[in-house]
Each structure stands twice: as structure tokens, then as C-alpha cells.
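Step one of this worksheet: look at the structure below.
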Amino acid sequence: GSKSDRIDAQENRLLKQQTEAKARELVGHGQSMDFLTVVSEPYTKRMNLRGDMSSWSCYQVWNKVGRGAINSAVIGLRRKFIPSNGNTYQDIFLTLKSTNSSDDDLEAADADFIGLLR
């Protein structure tokens, strides 16, 4: 691809901000001060099975809300260079949320959630 169809640093910052904002929306207003951000980092998109020539940028945020009772995550993906337009974006946000019913096995629940993010 040409330089114009690559995602630059400013576009990556915007994707990060949008992903973090969507993750905060999942926390809820009543719990806005009672959460821990476990992961907030770029995400590596895997496999390109269809020969897509687009540039991709991905960012993920994982929050634990309350005393480990709720895991929530947002993965933001930005696709640039949609054929025939060249400068068009598609932003996709994947949302994951789980609730633990007991405190007995929080580590196993976290491990399961991490598996979903990978």
C-alpha cells in the first residue's frame, strides 16, 4: 500500500481515545470510581485470510469493575483503505462483558476472560 493508506500516529491516538471512552461507558455511572484498568494497549490483529489490502490498527482495554465481579473489555479496530475509496475508515468495536457469580474462582474467571481477548 501507499503511504496515504497507512494509519498514522494521530489516527492511532484517536482509536485509543475512542476505545477507552467505550470501555468507560461499560463501567456504568454508579461504579465509575470502583474499577481497575488491567490492560490498555495496542492489540495485534491476527490472520488475513482474504487478501485484504487495508491497513489495520487495533487497541484493547480491559477493566475489572467492583471487587472483581465484572470483567469488561473493548477491542477497537480501525480499517483504512477500503477499495475504490482509498481514504475511508471503518471503525469496529468489539465489546466483551462477564459477571462472576461468586468470589470462589475469580482467578479462573480472569483466565477465561484473558483467553477471549487473545
Side-chain angles (χ1 to χ4, degrees):
S2 69
K3 185 174 181 165
S4 65
D5 67 359
R6 293 201 182 110
I7 295 175
D8 64 25
Q10 180 178 353
E11 294 162 343
N12 280 325
R13 279 192 303 276
L14 182 59
L15 178 64
K16 174 186 175 185
Q17 291 169 351
Q18 290 173 332
T19 304
E20 288 175 340
K22 293 203 178 290
R24 279 191 303 275
E25 289 173 14
L26 281 180
V27 170
H29 296 294
Q31 298 167 320
S32 62
M33 297 304 287
D34 190 20
F35 75 95
L36 168 70
T37 299
V38 179
V39 173
S40 182
E41 64 189 12
Y43 177 83
T44 302
K45 179 185 162 294
R46 311 255 194 255
M47 302 175 77
N48 183 2
L49 298 176
R50 300 190 69 142
D52 187 2
M53 299 298 290
S54 302
S55 294
W56 287 85
S57 180
C58 309
Y59 200 83
Q60 66 181 352
V61 177
W62 169 23
N63 292 325
K64 290 181 66 97
V65 182
R67 295 186 54 214
I70 299 172
N71 283 301
S72 65
V74 175
I75 299 173
L77 301 105
R78 173 167 280 188
R79 179 177 182 252
K80 185 176 181 183
F81 176 68
I82 299 164
S84 80
N85 288 347
N87 285 326
T88 304
Y89 294 98
Q90 282 182 329
D91 286 338
I92 303 162
F93 295 94
L94 305 174
T95 303
L96 306 167
K97 193 169 186 177
S98 73
T99 304
N100 297 329
S101 57
S102 72
D103 290 337
D104 295 339
D105 205 3
L106 291 178
E107 278 188 42
D110 287 352
D112 290 344
F113 198 73
I114 291 168
L116 290 173
L117 290 176
R118 302 259 179 246

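Since this is a predicted model, take the numbers as computed values, not measurements. Sequential numbering from 1 along the given sequence is applied to the chain's residues. Excluded from the calculations below are hydrogen atoms, water molecules and symmetry mates; all remaining heavy atoms, backbone and side chain alike, are included.
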Quiz item: So, for Ser57 and Leu15, which heavy atoms are closest and what is the spacing to 0.1 Å?
Solution: O-CD2, 3.3 Å

Quiz item: Would you say the side chain of Tyr59 lies within less than 4.5 Å of the side chain of Gln18, judging by non-hydrogen atoms?
Solution: no

Quiz item: Does a side-chain heavy-atom distance below 4.5 Å link Thr19 with Lys22?
Solution: no

Self-check item: Least distance between heavy atoms, Leu26 atom then Ala73 atom
Solution: CD1-O, 3.9 Å

Practice problem: State the CD1-CD1 distance between Ile75 and Ile92, to the nearest 0.5 angstrom. | Solution: 11.5 Å

Self-check item: Under 3.5 Å: donor-acceptor pair, side chain of Gln17, backbone of Leu14
Solution: no

Quiz item: Excluding sequence neighbours, so at least two apart, what forms salt bridge (charged side-chain N to carboxylate O under 4.0 Å, His left out) with Arg78?
Solution: Asp91

Practice problem: Kindly write out the residues that satisfy side chain to side chain contact (heavy atoms under 4.5 Å, CB included) with Thr37, not counting sequence neighbours, or none if the list is empty. | Solution: Phe35, Ser40, Val61, Asn63

Exercise. Please report the shortest heavy-atom distance between Cys58 and Leu77, naming the atom on each side.
Key: SG-CD2, 3.6 Å

Quiz item: So, do Trp62 and Leu36 sit near enough that their side-chain heavy atoms are less than 4.5 Å apart?
Solution: no

Quiz item: Side chains of Gln60 and Val39: closer than 4.5 Å at any heavy-atom pair?
Solution: yes

